[in-house]
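Everything below concerns the one structure shown next.
All residue numbers refer to positions in the sequence shown, counting from 1.
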Amino acid sequence: MTQHIAIEILNARSSRRQVLSRRQVMIGAAGLTFAVALGVDRRAAGAAVLAGERSGKALSPWVSIATDGTITIMSPATEMGQGSMTSLPLIIAEELDADWSKVRVVPAPPIDAIYGNPGFGGMMYTAGSNAVTSYYRPLRVFGAQVRRVLMDNAGKKLGVPLEELTTEPSAVVHAKSGRKLSYGEIAAFAEVPDKAPEVKPEALKKPSEFRLIGKDVPRVELPGKVNGSARYSIDVQVPNMLYGAVLRAPVEGSVPDKIDDAKAKVIAGAVRIVRLPYGVGVLAETPWAAFEARRALTQSVTWSRTGTAWGFDSDKGMERFAADAKDPARGATEWSKIGDARGEMPKASSVFEAEYRCDYAYHAQMEPLNAIASVSPSGDSVEIWAGTQSQSIACEAPAKVLGIARDKVKLHDMLMGGGFGRRGNRDVDFIIDAVLLSKEAGRPVKVMWTREDDVQNGRFRPISAHYLKAGFDPSGKLTAWHHRIAVDRVGPYMDPVRYQMSGGKDFIAMLGGEPRGYDVPHQLVEQLYRDTGVRTNPLRGISFTANKFAIETFIDEIALKRGIDPVKFRLELLKNTPRAIKVVERVAEMANWGKKRDGRGLGVAFIDYSGSQLAGIAEVSIDRASGQIRLHDFWCTIDCGVAVQPDNVVAQTESSIVYGLGMSLSERITVKNGVVEQSNFYDYRVPRMNEVPAMHIEVIATDNHPTGAGQMATPLIAPAISNAVMQLTGARLRHTPFTPERVKAALG
């Protein structure tokens, strides 16, 4: 049901994706308030103002300046531990020349027309390390416009020309007379024009003039997380609330056939058993009663065999994927092309080929999925408390389910204990659970998924098999590159509109499939989509984790075949990309590349991830008896353009490394007869604290437009480890994760 809802929502949304007009609007309310948004009329902007006024706070669509000098800035991106709640308001504050100590940050209401992410067609959606990249320029312009209006008003008050005014933190200064007006003072008398003043890009601050951007400003939400006052949806209690749990179909697409609820009904505290389109819901007075009643149903519900994944075995499926990737007779479609790889490969003086594989992987966010919904007695409105990566879908999907207008959905956008893509675009199943059960109960309902629910009903990074072929000219230069990727579909399942609009290109499965940055004149990357029926989804690092594992391991194998140092070989291929050269050279210096380590090996990897340049080096050892790999140190350099919060970039990179470590060494989902075999952290093993390596991160700051940092290092880990193992043992690992069994098999 949730899949069909999401498809309808996305189809409707695609028809509204048009080029926004350049008109900009500013709205005045209590104190001095501003709304600057592209293509927004006064009614839409006014709705945001009124929403703020109803809460008793002087809020505007973006900024409110109170007479006491307090500056309230809306944050349009959801906060899931990545720091966006600080970085985006900080960008506004920089150009506004605000005193950061006087700034309050408030989550923006779900109004796409004002707060929508330009990188996602104007939808409020936080994913793909995209927030700073997409909002950076618009928010800078907006902050500069607000500053200009403050200066215009100050000039009129002081009777001086605009050219004689400057600003310092939260004050307009007239140096000639020694007078100044604070922003709070100006707010008391300011008049806001109907149209925002024009600010040309060259009028924005130069990076050398930044006072906040790039200066390691502390994150605004961290104090609450440290002292325990931070509120997640799992913390929320609503009067007269029931608890809900859902027994879901073991295979996607199946529905309840027969339900024997006799044992569940007699559980103390159980209130009602509810048939749902995709499972069986339980309503109870306590969460424990809900879970116990749900357990009582497990052996008394039979399911239809309508899901296409029935009978699918992931191990056997991987073998078919690998055979298809290698077989040129198996039809493929073109993902990317440079030059004429098909024509040049047969002319090559020599050819090298290799295969790689990647298993399903689970998001493993720390906070299990949960939501509270309170459907009105008449069913014509709903109030929701949830942490979500897409406020838009979190409002539109419940509206679709209830058959009501979107503005009848009130969303409390809460902090999240991790997202990694699981709380993203179409992944509002946990919210729909709460909405349907609340409608049935006539009372607020909190739904909480257990870890077992989350693992067994997860939406996974797809399995993929890779066949790569390289051709060389007589001098040994790499001239032709062919990469065939057989991969379980993602786009047609979770983002069908974009898949259709792209002409059948599965971006979520194929991004990073090309050797971007490397000087290879003839390149061809092909996609072979396979539909297993398994639930798939973007996961931190998206398809880069699999595709760059294959590419960077293959590059290493080519270097060794040619007898060239792997770092030197990469530098040769990167000769036309100076930013890439710098990150590779610097990480080699940091790790003291070339120095022999007793019992340890070093492996290097490089990626260009959406414009961010990264290089990493892993230092590993192996217990040959157990087959266990130990990552001791990981060095990493990252050039993500302007680093709005450098210390947070380091923290995010460290997090990416740990995440990549799990997917490289132990995290693996297997499917038998369409059913997920794993259920908790004892059989889906994430890294333990004592397995985390020493991490050495260097942010290489440049003045380039920000290109993202949140997940960019994750794809470095697997190829760097594989390359290090090769240096240490002479054995090559080509299938992630590198489980002890696979390591021992490779070692022979």
side-chain contact (heavy atoms from CB on, under 4.5 Å) partners for [X], two or more places apart:
X      : value
Asp453 : Arg294, Trp449, Thr450, Asn457
Ala434 : Ala371, Ala373, Val447
Gln299 : none
Asp380 : Ser376, Ser378

Just say parallel, tilted or perpendicular for the rings of Phe420 and Tyr659, cut-offs at 30° and 60°.
tilted
In chain order, what residues pass the salt bridge (Lys or Arg N to Asp or Glu O under 4.0 Å) check against [X], with sequence neighbours excluded?
X      : answer
Asp433 : Arg248
Lys265 : Asp261
Asp531 : Arg489
Glu292 : none

Steps toward side-chain contact (heavy atoms from CB on, under 4.5 Å) verdict (Gln389, Met80):
CA-CA 8 Å; Gln389 291 179 239; Met80 51 190 145; 3.6 Å; yes
ring-ring contact (aromatic ring centres under 6.0 Å, His included) with Tyr360: which residues, sequence neighbours excluded?
none
Does the [X] side chain pair with the main chain of [Y], one donor and one acceptor, at a distance under 3.5 Å?
X      : Y      : answer
Ser129 : Gln711 : yes
Lys446 : Val236 : yes
Arg540 : Gly710 : yes

Less than 3.5 Å apart, any donor N or O on the side chain of Tyr125 or Asn130 sitting next to an acceptor on the other?
no
No-hydrogen, no-angle side-chain donor-acceptor test under 3.5 Å, Asn240 and Arg443
yes
Whether Arg295 and Glu452 form a salt bridge (side-chain N of Lys/Arg under 4.0 Å from carboxylate O of Asp/Glu) is what I want to check.
no
Enter the distance from [X]:[atom1] to [Y]:[atom2] here, rounded to the nearest 0.5 Å.
X      : Y      : atom1 : atom2 : result
Phe430 : Asp454 : CZ    : CG    : 9.5 Å
Met414 : Thr388 : CE    : OG1   : 13.0 Å
Ile542 : Arg461 : CD1   : CZ    : 12.5 Å

Can you list every side chain to side chain donor-acceptor pair (under 3.5 Å) pair that touches residues 303-312, not counting sequence neighbours?
Ser254-Trp310, Ser304-Thr306
Using distance only, find each side-chain donor-acceptor pair of residues 226-234 under 3.5 Å and give its atom names and separation, not counting sequence neighbours.
{"unit_1": "Asn227", "atom_1": "OD1", "unit_2": "Ser229", "atom_2": "N", "d": "2.8"}
{"unit_1": "Asn227", "atom_1": "OD1", "unit_2": "Ser229", "atom_2": "OG", "d": "2.6"}
{"unit_1": "Asn227", "atom_1": "ND2", "unit_2": "Pro223", "atom_2": "O", "d": "3.3"}
{"unit_1": "Ser233", "atom_1": "OG", "unit_2": "Asn370", "atom_2": "OD1", "d": "2.5"}

Residue pairs, two or more places apart or on separate chains, that pass ring pair (Phe, Tyr, Trp, His ring centres under 6.0 Å) and touch residues 385-418:
Trp385-His412
Tell me, with the steps shown, if Tyr115 and Gln391 meet side-chain contact (heavy atoms from CB on, under 4.5 Å).
CA-CA 10 Å; Tyr115 304 111; Gln391 301 97 315; over 6 Å; no
Please walk me through it: do Arg423 and Thr78 pass side-chain hydrogen bond (donor to acceptor under 3.5 Å, both in side chains)?
CA-CA 11 Å; Arg423 289 179 163 96; Thr78 54; over 6 Å; no
